[in-house]
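A short worksheet on the structure shown next.
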Amino acid sequence: MKFLGIVLMCVVAAVVYGVLHDQVTARVCVEYFTVAHPRVVDSDDPTVLGLVWGVVATWWAGLLLGLPLAVAARVGSRPQRSVRSLVRPVLVLLALMAVFAAVSGVVGFVLARSGTVMLPDTLKEQTPAAKWPAMQASALAHQASYNVAFIGGGMLIAWVWVSRKRWRETKRPASPPAAPGAG
């Protein structure tokens, strides 16, 4: 049951992050969801799009993190990690994703506004020119989130596996007390 708890925690964390992230990017550039993505909901409302895409685009990423993280935390003869012991590391990963997304979004906006980076022709044709920098900002913010999630997630899985070995080495029981009268 604890194995599934880790998987569920990762899926929920990914979806919550995705919804919050998409609430921001849908307000930066709603066209990112209405032009650059297939229609999964018949709405142009940023709140609706952020909710729907926040779930659709992230539940599977949470599953892809949760399954190997649960294996790294629970399988084998090493001391096992609890769901609770993994909450903070997962939150740190999400915070890093948010920071990289924000920085990438700003960089994308500035580069697109200066003309250094351009949208693909298919997106340029369907997006008002005034929205091109915002489209680029949203695209780079999303790409940064995924990149950090996959790289950081892999590092987190490895860290959890190694931490179980170190935990065993540092948490060895003390020598049994000497028998009374021995000595």
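The structure displayed is predicted, hence computed values, not measured ones.
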Sorted by chain and residue number, the ring pair (Phe, Tyr, Trp, His ring centres under 6.0 Å) partners of Tyr32 (sequence neighbours excluded) come out as His37, His142
Can Val106 be reached from Met135 by stepping across I, L, V, M, F, W or Y side chains whose heavy atoms are under 4.5 Å apart?
->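 Met135 and Val106: separate clusters.
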* Path from Val90 to Ile157 over hydrophobic side-chain contacts below 4.5 Å ->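 Hydrophobic grouping puts Val90 with Ile157.
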Has [X] got a side-chain atom pairing as donor or acceptor with [Y]'s backbone, closer than 3.5 angstrom?
X	Y	result
Arg113	Pro133	no
Ser114	Leu111	yes
Arg164	Val75	yes
Ser82	Ser85	yes

- All side-chain hydrogen bond (donor to acceptor under 3.5 Å, both in side chains) counterparts of Gln143, not counting sequence neighbours: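 Partners of Gln143 by the side-chain hydrogen bond (donor to acceptor under 3.5 Å, both in side chains) criterion, ordered by chain and then number, come out as Asn147.
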#### Entry: For Thr34, all residues meeting side-chain hydrogen bond (donor to acceptor under 3.5 Å, both in side chains), sequence neighbours excluded
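Thr34: no side-chain hydrogen bond (donor to acceptor under 3.5 Å, both in side chains) contacts found.
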Report the residues that fulfil side-chain contact (heavy atoms from CB on, under 4.5 Å) with [X], sequence neighbours left out, ordered by chain and then residue number.
X	result
Leu51	Val19, Gln23, Thr47
Leu63	Val7, Val11, Trp59, Leu67
Leu4	none
Leu8	Val12

If you look only at pairs with a residue in [range], which of them pass as a salt bridge (charged side-chain N to carboxylate O under 4.0 Å, His left out), with sequence neighbours excluded?
range	answer
residues 81-106	none
residues 125-144	Glu31-Lys131
residues 43-61	Arg39-Asp44

Does anything in residues 5-20 pair up under side-chain hydrogen bond (donor to acceptor under 3.5 Å, both in side chains), and if so which pairs, sequence neighbours excluded?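 Matches after skipping sequence neighbours: Tyr17-Ser145.
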| Do you know which two heavy atoms are closest between Ala144 and Ser104, and how far apart they sit? |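 Here Ala144 and Ser104 meet closest at CB-OG, 3.3 Å.
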Subject >> Residue pair Ala73 / Leu86: nearest heavy atoms and the distance that separates them >> reply: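 Minimum heavy-atom contact is CB-CD1, 3.8 Å.
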In short, ring-ring contact (aromatic ring centres under 6.0 Å, His included) pairs touching residues 83-134 with sequence neighbours left out are none
